[in-house]
There are 2 protein chains.
Amino acid sequence: MADDLRPEQLQTYFALVEATALLHHAVEQHLRADGGLSYVQFQLLARLAGSAGQLTMTELADGVVYSRSGLTHQAGLLEKAGLVTRGPSPDDQRATLVTITDAGRALVEKVLPGHVEVVRSLLFDPLSEEDLPRLGDIMTRVRDHMRALPPRSVTTRKRRTATGDDRRSPS
Amino acid sequence: MADDLRPEQLQTYFALVEATALLHHAVEQHLRADGGLSYVQFQLLARLAGSAGQLTMTELADGVVYSRSGLTHQAGLLEKAGLVTRGPSPDDQRATLVTITDAGRALVEKVLPGHVEVVRSLLFDPLSEEDLPRLGDIMTRVRDHMRALPPRSVTTRKRRTATGDDRRSPS
DNA sequence: TATTGTTATACTCTATAACTATA
DNA sequence: TATAGTTATAGAGTATAACAATA
């Protein structure tokens, strides 16, 4: 299992993956139970609430969802729930402007305290005052590094599914 | 958006979430393209390869999957792909013993170098020699903290779906 | 009675491809 | 021609509940 990374690195990688998986899971649980939202949906709403209230689909997608259709789907769900509205953009006729509604803002505000509480109790509680800037600095650097590297879609090959049905039988 | 966490904490949280999301996505892309495996499937195989080659379903599930049926499903896929076998345990007649096959080991070994390369280039490249032990220490502490806290299932409420169909019409 | 695991089922998320329309 | 967005569709992942068998 220690192929090429030093044991130190491997251990760090595993700890990071497991910790963030647990955090993500806990946060999703809370958002679902407390607001009926998935994490992606929460991110979209939070982004809208933070950015003057309305964004175009492309702006909204950036960094949150990895495919156009995925965002269309999520935006549709949010719209159906009355949390956002969609309308044409005055600047660019091709663009769709997504606007957060009062209900959307209210939901974000309702959910936020609990969300923050989960994050604090799980992530920040075990950290010292020194850890915080270190972790922040490190992860910011890693994030910026990753943002810079791949042009957002990494080849998207044909998807051989080792575990998928081989479908050698005719039907 | 700065509800209760200090701006420093919020920024750290966001950086962590985005960086790990990007890392996770990149790793999944690679595993899928190079081995036809999801990340969960890879984790299961790697775990088996590391742990003497065979584990019971419950042991295997620990920390990887969050529901029994989910693991049964994944194990079924891996078995169908010839990467593991399942059989009764001699110790406990209720238990199912999952064993990695030669093909399973081979696949792990085939995929591992690329996996490691992705992790190195995305996560460790931008880190200094000092960052590594700091990150490792911090995330280990966070992980252990999280492992200790919740008994693995956090209430699992009724799941009100704000974005789901309200289904007020009698159907 | 508690635990291990499977089955059936349903739902959510995500992605690909084809398409429309504007720039 | 390139970009913005939608639609249709399909596939993968995960969870709940009901169940069978063993401890």
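These values consider heavy atoms only, across backbone and side chains, with no hydrogens, waters or symmetry-generated copies. Convention: sequence-line order gives letters A, B, ...; per-chain numbering from 1.
With sequence neighbours excluded, no residue forms a side-chain contact (heavy atoms from CB on, under 4.5 Å) with A:Gln93. Taking the salt bridge (Lys or Arg N to Asp or Glu O under 4.0 Å) definition, one finds that B:Arg141 meets it with A:Asp131, B:Asp137, sequence neighbours left out. The salt bridge (Lys or Arg N to Asp or Glu O under 4.0 Å) check on A:Glu28 picks up nothing, with sequence neighbours excluded. The side-chain contact (heavy atoms from CB on, under 4.5 Å) search around A:Ser67 returns A:Ser69, not counting sequence neighbours.
Judged as a ring-ring contact (aromatic ring centres under 6.0 Å, His included), the pairs with a partner in residues 95-128 of chain A (not counting sequence neighbours) are, in order, A:Phe42-A:His115, A:His115-B:Tyr13.
Nearest-nucleotide mapping onto DNA chain C: of A:Gln74 and B:Ala75, the residue sitting toward the 5' end is B:Ala75.
Note: NE2 (B:His73) to C1' (D:dT16) measures 15 Å, nearest angstrom. Per the geometry, OH belonging to B:Tyr39 stands 18 Å off P belonging to C:dT14, to the nearest Å. Taking atom CG of A:Leu55 as the reference point, atom C1' of D:dG5 lies 16 Å away to the nearest angstrom.
One finds no side-chain N or O of A:Ser69 lying less than 4.0 angstrom from the OP1 or OP2 phosphate oxygen of D:dG5. For D:dA21, neither phosphate oxygen OP1 nor OP2 lies less than 4.0 angstrom from any side-chain nitrogen or oxygen of B:Gln93. Listed pair A:His25 / D:dA15 meets the phosphate criterion, a side-chain N or O lying under 4.0 Å from OP1 or OP2. Put simply, B:Arg32 has no side-chain N or O that comes within less than 4.0 Å of OP1 or OP2 on C:dT14.
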Hey, what are the protein-to-nucleotides 3-5 of chain C N/O distances that come in under 3.5 Å?
residue	atom	partner	partner atom	Å
C:dT3	O2	B:Arg94	NH1	3.1
C:dT4	OP2	B:Arg68	NH2	3.2
C:dG5	OP1	B:Thr56	OG1	2.5
C:dG5	OP1	B:Met57	N	3.2
C:dG5	OP1	B:Thr96	N	3.0
C:dG5	OP1	B:Thr96	O	3.4
C:dG5	OP2	B:Thr58	N	2.8
C:dG5	OP2	B:Thr58	OG1	2.2
C:dG5	O3'	B:Thr96	OG1	3.2

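At the heavy-atom level, B:Gln41 lies under 4.0 Å from the strands shown only through sugar-phosphate atoms. At a threshold of 4.0 angstrom between heavy atoms, the contacts of B:Val40 are confined to the sugar-phosphate backbone, with no base atom among them.
The backbone N or O of B:Leu48 sits nowhere less than 3.5 Å from a side-chain atom of B:Ser51 that would complete a donor-acceptor pair.
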